[in-house]
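Working notes, structure below.
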Amino acid sequence: MSIRVTFVCCVIAVSGAFAQLIPGGWTETRPIDPYPMQVVLSLKSDIVSRLNSMYITVNEFQPLLYRERVAVGAVYQVKIRIGYGRYVHVTIYQHFSGTPTEVQDIQTRKTLADPLT
């Protein structure tokens with residue numbers, strides 16, 4: 001008796017305002033949309049607190065760009081302007097149920113030109 005295993009790979013490509021979505025893969029980087037903005041702003045105090053603990057003063061908090069990937073929920077990488085030409089990249093995980101949402105990583109000393117990685 002032989003068993004045949006078939007793997008199915010799902011790729012959805014949508015043109016226009018939507019980025020290419022590959023389950024487990026990152027979308028292209030794009031200007032922040034209302035929903036990711038809401039997620040980031042809900043974690044603003046945690047992000048600012050973490051930056052302050054690294055002796056980084058936040059004079060401005062303006063999320064600009066983001067990309068996302070679908071896992072067991074969503075993972076967002078967001079470029080945030082924190083003032084005086086300084087930027088940080090923040091990685092946020094949001095479980096598919098909507099909670100918990102948490103900051104996973106903050107990369108400091110970024111510029112506007114640095115890609116989200």
Side-chain angles (χ1 to χ4, degrees):
M1 174 193 287
S2 67
I3 298 174
R4 180 179 287 181
V5 178
T6 305
F7 292 97
V8 178
C9 179
C10 176
V11 177
I12 301 171
V14 181
S15 63
F18 299 100
Q20 183 178 37
L21 177 61
I22 302 170
W26 289 103
T27 63
E28 62 189 43
T29 299
R30 57 191 183 258
I32 194 130
D33 292 329
Y35 185 76
M37 175 72 85
Q38 178 185 350
V39 172
V40 174
L41 293 178
S42 74
L43 295 168
K44 179 180 177 180
S45 62
D46 185 28
I47 295 167
V48 170
S49 175
R50 287 181 186 215
L51 290 169
N52 287 338
S53 72
M54 292 185 265
Y55 303 102
I56 296 172
T57 303
V58 177
N59 302 100
E60 178 181 357
F61 192 91
Q62 182 61 50
L64 301 172
L65 302 169
Y66 83 106
R67 67 183 192 153
E68 68 180 297
R69 73 181 162 102
V70 177
V72 181
V75 179
Y76 299 98
Q77 286 186 330
V78 184
K79 181 182 293 283
I80 302 172
R81 183 174 48 228
I82 59 170
Y84 301 112
R86 298 172 302 142
Y87 298 84
V88 295
H89 293 175
V90 179
T91 303
I92 297 169
Y93 170 72
Q94 183 177 44
H95 190 267
F96 68 87
S97 68
T99 56
T101 301
E102 63 184 16
V103 175
Q104 289 187 323
D105 184 48
I106 299 178
Q107 299 173 35
T108 60
R109 304 185 77 173
K110 296 296 181 179
T111 68
L112 181 59
D114 288 333
L116 291 168
T117 58

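In this model, a donor atom of one side chain and an acceptor atom of the other lie less than 3.5 Å apart for Q94 and Y35. In summary, the side chains of N52 and S49 do not present any donor paired with an acceptor at a separation below 3.5 Å, with no hydrogens or angles considered.
For the pair F61 and V48, the minimum side-chain heavy-atom distance is below 4.5 Å. Contact annotation: the side chain of L64 approaches that of L112 to within less than 4.5 Å [non-hydrogen atoms, C-beta and beyond]. Between V75 and W26, the closest side-chain pair of non-hydrogen atoms falls below 4.5 Å.
Sorted by first and then second residue, the salt bridge (charged side-chain N to carboxylate O under 4.0 Å, His left out) pairs involving residues 98-110 (not counting sequence neighbours) form an empty list.
A pairwise comparison of heavy atoms in I47 and V40 identifies CD1-O, 4.3 Å as the closest pair. Here the shortest heavy-atom pairing between L51 and T108 reads CD2-CG2, 4.0 Å. Closest of all the heavy-atom pairs between R86 and N59 is NH2-OD1, 3.1 Å. Scanning both residues, R69 and G25, for their nearest heavy atoms gives CB-O, 3.1 Å. In terms of heavy atoms, I32 sits closest to P63 at CG2-O, 3.6 Å. The nearest pair of heavy atoms linking T117 to Q77 is O-NE2, 3.0 Å.
Remark: R81 engages E60 in a salt bridge (Lys or Arg N to Asp or Glu O under 4.0 Å) (not counting sequence neighbours). Residues forming a side chain to side chain donor-acceptor pair (under 3.5 Å) with S97 (at least two apart in sequence, or on another chain): H95. Partners of S53 according to the side chain to side chain donor-acceptor pair (under 3.5 Å) rule, which considers only residues two or more places apart in sequence or in another chain, do not exist here. Under the side chain to side chain donor-acceptor pair (under 3.5 Å) criterion, Y66 pairs with R30, D33, not counting sequence neighbours. Not counting sequence neighbours, the partners of D46 by the salt bridge (Lys or Arg N to Asp or Glu O under 4.0 Å) test are R50.
Each of L43, L116, I80 was evaluated against V90; a single residue qualifies, I80, per the side-chain contact (heavy atoms from CB on, under 4.5 Å) test. Across D114, V78, I106, a single residue satisfies side-chain contact (heavy atoms from CB on, under 4.5 Å) together with H89, and that is D114.
Between the side chain of K79 and the backbone N or O of T111 there is at least one donor-acceptor pair closer than 3.5 Å. One N or O on the side chain of Y93 and one on the backbone of V72 form a donor-acceptor pair closer than 3.5 Å.
Both V103 and Y76 are part of a single hydrophobic cluster, where members link through side-chain heavy atoms under 4.5 Å apart. In this structure, V58 is not a member of the same hydrophobic cluster as Y84, with clusters built from ILVMFWY side-chain heavy atoms closer than 4.5 Å. The hydrophobic cluster containing I92 does not contain Y87, counting ILVMFWY residues as joined when their side-chain heavy atoms lie under 4.5 angstrom apart, directly or transitively.
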